[in-house]
Amino acid sequence: MNVLATASRVIEQIQDGLVRRGFHDVRPAHGFAFVRISHGDATVLDVAEHLGVTKQAASQLVEQLVQRGYVTRVADPSDARRRLLALTARGRACTRAAEASAAEAVTAWQGELGVDGTRRLARLLARVSPDGPLRPIW
């Protein structure tokens, strides 16, 4: 069983779907950052911890997202020294496009497994999936 190859293929299919939908300037790592940012009250440090990278690496990734119009930085109303990150309308649209692309990838499995087999696989994966942050493994 080559689970890593399956995971890589799903990520490739999501990336291909994003490109087809006009999001040419995002990478999988951006999507993992979107997950944390979309939950609210995220800072660069929160993104770094979520991705398992240094604060400097997360800062560079966030800066790319800000420059490309996916994320904004706003002053935290309770602490002006902190900058909170939020998805822009473009960032939310990209997230929806990624979700649609992921659904397409999994729906394609129904040709091999059938509807019941795909549902069973989803239930089994949910049983063994770890709780906690969704982060890249490389």
Side-chain angles (χ1 to χ4, degrees):
M1 172 169 60
N2 195 339
V3 176
L4 187 55
T6 302
S8 294
R9 181 66 186 132
V10 170
I11 290 170
E12 287 171 12
Q13 290 174 309
I14 293 169
Q15 193 66 30
D16 292 346
L18 286 170
V19 170
R20 282 193 317 274
R21 289 168 171 85
F23 297 99
H24 304 273
D25 57 351
V26 291
R27 301 185 331 260
H30 295 136
F32 290 107
F34 285 177
V35 170
R36 176 57 187 97
I37 295 167
S38 69
H39 285 110
D41 294 329
T43 64
V44 168
L45 183 57
D46 295 323
V47 171
E49 289 172 357
H50 179 77
L51 296 177
V53 299
T54 66
K55 185 177 176 185
Q56 293 79 8
S59 183
Q60 289 176 346
L61 186 136
V62 166
E63 181 58 30
Q64 290 172 352
L65 294 174
V66 168
Q67 288 179 2
R68 295 173 188 177
Y70 292 102
V71 171
T72 60
R73 290 187 196 99
V74 295
D76 183 340
S78 64
D79 184 350
R81 296 169 296 175
R82 286 177 31 136
R83 294 281 190 225
L84 297 177
L85 306 172
L87 294 180
T88 63
R90 179 178 165 92
R92 289 187 301 276
C94 184
T95 299
R96 286 190 302 274
E99 289 169 353
S101 298
E104 287 173 359
V106 172
T107 298
W109 296 349
Q110 290 179 5
E112 282 292 317
L113 304 175
V115 174
D116 289 340
T118 303
R119 286 184 185 143
R120 183 169 182 266
L121 176 61
R123 283 192 307 274
L124 291 171
L125 288 172
R127 284 178 50 191
V128 298
S129 295
D131 291 331
L134 177 64
R135 61 175 57 148
I137 56 174
W138 52 91

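Computed from a prediction, not measured in an experiment: that's the story for all the values here.
Between E63 and Q67, some side-chain heavy-atom pair lies under the 4.5 Å cut-off. For the pair L18/C94, a side-chain contact is recorded, criterion being any heavy-atom separation below 4.5 Å from C-beta on. Counting heavy atoms from C-beta outward, H39 and H50 have side chains that stay 4.5 Å or more apart. In this structure, D116 and R120 have side chains that are not in contact, with every pair of non-hydrogen atoms separated by 4.5 Å or more.
When R21, Q13, Q15 are each tested for a side chain to side chain donor-acceptor pair (under 3.5 Å) with S101, only one passes: R21.
Through chains of ILVMFWY side-chain contacts below 4.5 Å, L84 is grouped with V74. In the hydrophobic clustering, V128 connects to no other residue, as no ILVMFWY side-chain heavy atoms lie under 4.5 Å from its own.
Summarising the geometry, atom CZ belonging to R68 is positioned 5.0 Å from atom NE2 belonging to H30; distances are rounded to the nearest 0.5 Å. To the nearest 0.5 Å, the span separating CZ on R119 from CD on Q110 amounts to 7.5 Å. A distance of 11.0 Å separates CG of L85 from CG of D76, quoted to the nearest 0.5 Å.
Sorted by first then second residue, the salt bridge (charged side-chain N to carboxylate O under 4.0 Å, His left out) pairs that include residues 84-98, not counting sequence neighbours, are D25-R90.
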* Asked: Going through the checks in order, is the side-chain contact (heavy atoms from CB on, under 4.5 Å) test met by K55 and V44?
  -> CA-CA 7 Å; K55 185 177 176 185; V44 168; 4.1 Å; yes

